Amino acid sequence: MLGAKRHWPPGPSLSPGLTLALTLLALRTGWAQEGTEPVLLEGECLVVCEPSRAASGGPGGAALGEAPPGRVAFAAVRSHHHEPAGEIGNGTSGAIYFDQVLVNEGGGFDRASGSFVAPVRGVYSFRFHVVKVYNRQTVQVSLMLNTWPVISAFANDPDVTREAATSSVLLPLDPGDRVSLRLRRGNLLGGWKYSSFSGFLIFPL
């Protein structure tokens with residue numbers, strides 16, 4: 001008869017204990033399948049091993065807090081005209097000091113002496129820019145390798161208020177070699193603010 005509802009006899013009810021047992025069995029079956037079937041991941045995996053980094057704890061085998069090998073650079077500037085207490089004779093002769101260190105990667109630049117000491121053997125690039133202010137004298141600035149003057153630059157125009165002695169050079173250095181700037185002629189009594197001295201390792205030898 002159309003529209004009549006059929007009534008099925010109720011099936012046997014499951015006890016709570018049997019229901020729990022079947023649930024645990026299903027879970028154990030799923031765990032077993034997960035443990036035996038491999039998990040496939042699409043894509044590529046690249047593993048890079050650096051034993052030196054793992055051993056030392058720093059990048060490229062360097063100790064923590066130190067620059068890794070091959071990273072050596074410094075830059076220093078003069079932020080005021082006249083020398084503070086403790087800098088004696090800087091405006092008339094001797095080493096030229098820089099009071100502000102902007103970069104000192106590798107720790108080679110010594111602000112107290114105004115010099116750079118090579119930490120590794122290699123070829124280095126150096127550049128300097130020394131400004132004389134209100135000074136009609138000729139100024140000669142030399143870049144020194146230890147005690148040897150390598151190059152010199154001059155500022156000798158008497159009719160300008162500011163002029164700079166500027167030069168650059170490439171040098172092969174051994175560990176412990178010292179590079180500095182020295183005033184070889186004239187004076188900087190008018191000040192040398194905005195002067196700069198910088199260098200970096202191009203490649204190790």
Side-chain angles (χ1 to χ4, degrees), residues 65-204:
E66 298 180 359
R71 290 182 55 180
V72 181
F74 76 94
V77 298
R78 188 75 181 187
S79 63
H80 54 84
H81 282 304
H82 300 289
E83 52 197 330
E87 294 184 7
I88 301 175
N90 197 10
T92 56
S93 64
I96 298 176
Y97 296 93
F98 298 87
D99 62 305
Q100 187 174 0
V101 180
L102 305 179
V103 177
N104 197 12
E105 192 76 22
F109 185 75
D110 177 29
R111 188 174 69 89
S113 64
S115 60
F116 169 78
V117 180
V120 296
R121 186 170 183 261
V123 175
Y124 292 78
S125 173
F126 295 96
R127 181 177 178 84
F128 64 87
H129 180 85
V130 177
V131 180
K132 69 167 185 173
V133 181
Y134 297 106
N135 188 341
R136 299 177 65 88
Q137 295 187 8
T138 295
V139 169
Q140 177 185 355
V141 178
S142 295
L143 184 140
M144 310 291 294
L145 172 56
N146 299 319
T147 59
W148 173 53
V150 180
I151 58 171
S152 291
F154 298 83
N156 55 8
D157 191 338
D159 297 324
V160 296
T161 57
R162 287 177 174 82
E163 189 183 7
T166 301
S167 192
S168 60
V169 68
L170 303 183
L171 286 177
L173 300 181
D174 289 321
D177 279 343
R178 184 178 295 269
V179 178
S180 61
L181 298 181
R182 184 168 291 272
L183 187 62
R184 310 254 305 168
R185 182 181 177 185
N187 65 70
L188 296 174
L189 293 177
W192 60 103
K193 186 178 181 181
Y194 306 124
S195 299
S196 63
F197 181 31
S198 62
F200 59 91
L201 173 66
I202 300 176
F203 54 84

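Everything numeric in this text was worked out from a predicted model, so none of it was measured.
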Rounded distance [0.5 Å steps], [atom1] in [X] versus [atom2] in [Y]:
{"X": "L201", "Y": "F74", "atom1": "CG", "atom2": "CZ", "answer": "12.0 Å"}
{"X": "R185", "Y": "T138", "atom1": "CZ", "atom2": "OG1", "answer": "4.5 Å"}
{"X": "S125", "Y": "I202", "atom1": "OG", "atom2": "CD1", "answer": "5.0 Å"}

Could you tell me whether the side chain of [Y] reaches within less than 4.5 Å of the side chain of [X], counting heavy atoms only?
{"X": "K193", "Y": "V77", "answer": "no"}
{"X": "R111", "Y": "Y97", "answer": "no"}
{"X": "V72", "Y": "P119", "answer": "yes"}

Would you check, one step at a time, whether the test side chain to side chain donor-acceptor pair (under 3.5 Å) holds for D110 with S115?
-> CA-CA 6 Å; D110 177 29; S115 60; 4.8 Å; no
Give a yes or no on whether the backbone of G114 and the side-chain of S180 come within a donor-acceptor separation of less than 3.5 Å.
-> no
Say whether, by atom type as modelled, one donor and one acceptor occur between the side chain of K132 and the main chain of Q137 under 3.5 angstrom.
->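 Yes, K132 side chain to Q137 backbone: donor-acceptor pair under 3.5 Å.
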Quickly, which of Y124, F109, F98, F197 forms a ring-ring contact (aromatic ring centres under 6.0 Å, His included) with F116? Name it, please.
->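 Among the candidates, only Y124 passes.
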Taking salt bridge (charged side-chain N to carboxylate O under 4.0 Å, His left out) as the test, write out the residues that go with R121, two or more places apart.
->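 By the salt bridge (charged side-chain N to carboxylate O under 4.0 Å, His left out) rule, R121 matches D174.
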Derivation and outcome, side chain to side chain donor-acceptor pair (under 3.5 Å), residues S196 and H129 = CA-CA 5 Å; S196 63; H129 180 85; 5.6 Å; no
Side-chain donor/acceptor pairs under 3.5 Å, residues 141-155, sequence neighbours excluded:
from : atom 1 : to   : atom 2 : distance (Å)
S142 : OG     : S152 : OG     : 2.5
N146 : OD1    : R178 : N      : 2.9
N146 : ND2    : D177 : OD1    : 3.3
S152 : OG     : Q140 : NE2    : 3.2

Derivation and outcome, side-chain contact (heavy atoms from CB on, under 4.5 Å), residues L171 and V123 = CA-CA 6 Å; L171 286 177; V123 175; over 6 Å; no
CA sep, side-chain torsions, deciding dist, call: R127, T166, side-chain contact (heavy atoms from CB on, under 4.5 Å) | CA-CA 8 Å; R127 181 177 178 84; T166 301; 3.7 Å; yes
